[in-house]
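Heads up: the structure comes next, in structure tokens.
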2 protein chains.
Amino acid sequence: MQRQVTLKDVALEAGVSYQTVSKVLNGHGQVSKETEERIRAVARQLGYRPHAIARNMRAQRSFMIGYSWVPTGPDQVNHILDQLLTSMVEEAEAAGYHLLPFTYRDGSAQVEDYRQLIDSGMVDGFVITSVNYDDPRILYLMKRGFPFVAFGRSNPEYDFSYVDVDGADGLRQVVEHLVSTGRQRIAILAWPEDSRVGNERLAGFLQAMAAAGLEPDPNWVLRGEGTFEFGCQAASRLLAMPAGRRPNAIVTLNDTQAIGAMRAAHDLGLTIGKDIAIIGFDDAPMAQYLFPPLSSVRQPIRAAGRKCVEILLHLMRGEKPAEDKVLLKPSLVVRASG
Amino acid sequence: MQRQVTLKDVALEAGVSYQTVSKVLNGHGQVSKETEERIRAVARQLGYRPHAIARNMRAQRSFMIGYSWVPTGPDQVNHILDQLLTSMVEEAEAAGYHLLPFTYRDGSAQVEDYRQLIDSGMVDGFVITSVNYDDPRILYLMKRGFPFVAFGRSNPEYDFSYVDVDGADGLRQVVEHLVSTGRQRIAILAWPEDSRVGNERLAGFLQAMAAAGLEPDPNWVLRGEGTFEFGCQAASRLLAMPAGRRPNAIVTLNDTQAIGAMRAAHDLGLTIGKDIAIIGFDDAPMAQYLFPPLSSVRQPIRAAGRKCVEILLHLMRGEKPAEDKVLLKPSLVVRASG
DNA sequence: TACTTTAAAGCGAACGTTCGCCCGAACGTT
DNA sequence: AACGTTCGGGCGAACGTTCGCTTTAAAGTA
């Protein structure tokens, strides 16, 4: 664990001042070809690596991007995290930045955590996820004018940079696919009204239904949590009716609901993909292994992560990004379930 | 985005030198009650937060822990990552440290990345995962004497700090459970021989079989990748024989294999949990939603993450941790599959 | 020859901390 | 009255950079 090689070490060896070494290695200043090459040779030989902290100290920047996420419960899985983190870290590193993960806390402590990271100079910007209406982080960061990008939208009247997946378009694709395969009796399992994401997806559904000339039965629009249990209960209710009067397709807003619905259909003796189509959202990796494999809407997570960081890099440099409100299209993955 | 409040700002306002402010806020030095309180009041009022980078600069430490992980493919999911990261970040933050995620690269670039982070002073230690025999990272870090903790074991002759889940014990629990429910014709789907983890788990299986007085049929120990496809194919072969001559239990080394095996059993018209018991490993969240729900071995991921960081904190402080080779017991979660 | 321009490299300063040494004043002791 | 001790706090230095100004010497121009 030998000591760090510094500019002074290189300078001593090369017989110049350490500032000159800095000039050479950064490409500034006037230095003769010979000394430049000598300095480079010595630096290489000694294995000089600039001390990141000293550099940040001098630059008055941390070159760090703060990120925290809502931890999932013990029996849940965040199948987004790996791809999102990997893509953000890659994009950040390519620009000389790093990602700084920090613990997620709720309530007033949350904004305090963001404040702490800003005031201690730990980060130059944030990527925030799991945003919803009236998100206190967004309000705080907007007020302070601190660079951040949200993965997800909030109140329409707020003006901030975001990247989001067009959930409405996803459900539009689902409806169009179902209609094109001759299914018109379509029910939907949605989320509670306080969910920005849920409302967006539901709106896309209703719009696509209208566009197809279908009037959705209000009793076939059920709101509840995005859980297996709700999916199972709601689908049981919907499918309890006789064949002619029940839906022949159930659309859900996430895969966990869809899996619950599959269980309900199975328990009622229905053949999924034939008697009833079921389509999920998220395309969780497990969807492909279900029986039958679940059709689902896949979100371009990696692209979203990259885009978030790309925009944030502009903001942190004080530039106005070319586009700072980005909507990415998801894609429907059709499998045997519908 | 106002400028950072520094010690000098507080000092000016309190009418003392900035070094005195530092003393007060760090609890060192002799300062009278009155000035101390005055300084504290001013600091609070001005919202002073120590500049982390300057502090690190002075301390010649980064208070960062490097961590990178193998990104999973597009249709896979890393159901460990969330819990592992969350627990490590929590443990690190409690000690004033942060986690620094960085991209995973294979081959010679990998050690170079570790080297770069060390030489640039970005990190004070590492947690490494996905270790296997002859892991070049372990060799490099051991040679440099740089603090690190591995989640997982490597060659037995290496001497380094690690935390691991006792996979052998997990399989022992599986065998004992199966035997206690009257199943003795047990097959196992294992991994290729170059997997340290796979060999450990298989060894536990064989040992438990022997302890139960059972001689495992060599043809019932199949090695292959931890994929759905291998699980399905291998199980098909095993279950193709007539009822009296085929296994009545299949143990796998991960859930994906188990799901493949479930599919094979299903396609052969067998009732899982009755005609054939199937038990997985990892207890992926989806296990509970399968049909029937999959029994599986659950690893104490959060405890492992916390323990890794705990040990690493000792190492980074130059202390010898009380225990630096930790083996955690997994637990079998019994569900309807066996 | 005297002066101006340019190239090459040195040097001081600063970023915000913390650490250790020093100094003055007040107090108590012989 | 002279001296030692303690308390309170100031001050210089350093961590490793980068930036910009200054200096020196050489080359070019009148």
Side-chain angles (χ1 to χ4, degrees), chain A residues 2-40 42-43 46-64 96 116-124, chain B residues 2-40 42-43 46-64 96 116-124:
Chain A
Q2 60 275 33
R3 217 179 56 76
Q4 152 106 5
V5 179
T6 73
L7 284 179
K8 288 185 182 162
D9 299 320
V10 179
L12 197 70
E13 189 72 15
V16 293
S17 77
Y18 66 92
Q19 294 97 331
T20 304
V21 179
S22 171
K23 282 180 188 158
V24 167
L25 266 30
N26 289 297
H28 302 320
Q30 328 238 52
V31 185
S32 71
K33 274 268 177 290
E34 304 99 65
T35 39
E36 163 155 5
E37 278 170 17
R38 179 157 38 93
I39 288 174
R40 287 199 188 282
V42 172
L46 260 49
Y48 170 76
R49 295 281 201 301
H51 189 81
I53 299 181
R55 174 175 275 183
N56 296 354
M57 172 85 186
R58 164 72 212 205
Q60 292 292 89
R61 317 236 225 110
S62 64
F63 295 97
M64 296 257 188
Q116 163 69 23
L117 285 170
I118 297 174
D119 287 346
S120 66
M122 278 293 295
V123 302
D124 296 340
Chain B
Q2 60 277 32
R3 216 179 58 75
Q4 152 104 8
V5 178
T6 73
L7 285 178
K8 289 186 182 161
D9 299 320
V10 178
L12 196 71
E13 189 73 14
V16 292
S17 76
Y18 66 92
Q19 293 97 331
T20 303
V21 179
S22 170
K23 282 179 189 160
V24 166
L25 266 29
N26 290 296
H28 302 320
Q30 329 237 54
V31 186
S32 71
K33 275 270 178 288
E34 306 98 65
T35 40
E36 163 155 6
E37 277 170 19
R38 180 157 39 93
I39 287 173
R40 287 199 188 282
V42 172
L46 260 50
Y48 170 76
R49 295 283 201 299
H51 189 80
I53 299 182
R55 175 175 275 183
N56 296 353
M57 171 86 185
R58 163 73 213 204
Q60 292 292 88
R61 316 237 225 113
S62 65
F63 295 97
M64 297 258 191
Q116 162 69 24
L117 286 170
I118 297 174
D119 287 348
S120 66
M122 278 294 294
V123 302
D124 296 339

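Per chain, numbering begins at 1; letters A, B, ... match sequence-line order.
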From CZ of A/R61 across to C1' of D/dT17 the rounded distance in Å is 15 Å
Out of C/dC11, D/dT17, D/dG9, minimum distance to the side chain of B/V31 belongs to D/dG9
Close N/O contacts between protein and nucleotides 23-26 of chain D (under 3.5 Å):
none

Hits for side chain to side chain contact (heavy atoms under 4.5 Å, CB included) against A/T35, two or more places apart or cross-chain, chain-then-number order -> A/V31, A/S32, A/R38
Within residues 32-39 of chain A, those residues having any heavy atom closer than 4.0 Å to DNA chain D are none
With sequence neighbours left out, the residues meeting salt bridge (Lys or Arg N to Asp or Glu O under 4.0 Å) with A/E36 are A/R40
Between CG of A/D9 and C1' of D/dC15 the distance, given in whole Å, is 13 Å
Separation between CD1 (A/I39) and CD (A/E13), nearest 0.5 Å, reads 12.0 Å
Margin query: Ignoring hydrogens and geometry beyond distance, is the side chain of B/K23 in donor-acceptor contact with the base of D/dG8 at under 3.5 Å?
Written below: no
Sorted by chain and residue number, the side chain to side chain contact (heavy atoms under 4.5 Å, CB included) partners of A/Y48 (sequence neighbours excluded) come out as A/V5, A/L7, A/V10, A/L25, A/A43, A/P50
If the cut-off is 4.0 Å, is B/S22 near the phosphate of C/dT18, judged by side-chain N/O to OP1 or OP2? yes
Practice prompt. Scan A/N56 against the nucleic acid and name what it touches under 4.0 Å (heavy atoms): base, sugar-phosphate only, or nothing.
Written response: nothing
Contacts of A/K8 and A/R55 projected onto DNA chain D by closest heavy atom; the upstream (5') one is A/K8
B/I53 atom CD1 is separated from C/dG16 atom P, nearest whole Å, by 11 Å
note: A/H51, atom NE2; C/dT17, atom C1'; distance rounded to Å ~ 13 Å
note: B/Q4, atom CD; C/dC15, atom C1'; distance rounded to Å ~ 11 Å
By salt bridge (Lys or Arg N to Asp or Glu O under 4.0 Å), A/R49 pairs with (sequence neighbours left out) B/E112
Contacts of B/R61 meeting salt bridge (Lys or Arg N to Asp or Glu O under 4.0 Å) (sequence neighbours excluded), chain-then-number -> none
Winner on side-chain proximity to B/M57, out of C/dG10, D/dC15, C/dT18, is D/dC15
On a heavy-atom basis, the closest approach of B/M57 and B/Q60 is O-OE1, 2.9 Å
Check nucleotides 12-14 of chain D against the protein and report each pair of N or O atoms closer than 3.5 Å, with its distance, or say if there are none.
{"residue": "D/dG12", "atom": "N7", "partner": "B/Q19", "partner atom": "NE2", "Å": "3.2"}
{"residue": "D/dG12", "atom": "O6", "partner": "B/Q19", "partner atom": "NE2", "Å": "2.9"}
{"residue": "D/dA14", "atom": "N3", "partner": "B/R58", "partner atom": "NH1", "Å": "3.4"}

Q.
Check the phosphate of D/dT5 against B/Q30, side-chain N and O only, distance under 4.0 Å to OP1 or OP2. Yes or no?
A. no
Residues at least two apart in sequence or cross-chain that pass ring pair (Phe, Tyr, Trp, His ring centres under 6.0 Å) with B/F63, listed by chain then number, are B/Y97
| task | Please determine if a side-chain N or O atom of B/Q60 lies less than 4.0 Å away from the OP1 or OP2 oxygen of D/dG16. | result | yes
Sorted by chain and residue number, the side chain to side chain donor-acceptor pair (under 3.5 Å) partners of B/S22 (sequence neighbours excluded) come out as B/N26
Annotated structure of DNA chain C as dot-bracket, pair cut-off 3.5 Å, Watson-Crick or G-U only, | for inter-strand, is ||||||||||||||||||||||||||||||
Closest non-hydrogen atoms of B/A11 and B/S17, given as atom of the first, atom of the second and distance, are CB-C, 3.6 Å
Sorted by chain and residue number, the side chain to side chain contact (heavy atoms under 4.5 Å, CB included) partners of B/M64 (sequence neighbours excluded) come out as A/M64, A/L100, A/M122, B/S62, B/H98, B/L100, B/V123
Separation between CG (B/N56) and NE2 (B/H51), nearest 0.5 Å, reads 9.0 Å
| query | Can a side chain N or O of A/S17 be found less than 4.0 Å away from OP1 or OP2 on C/dG10? | reply | yes
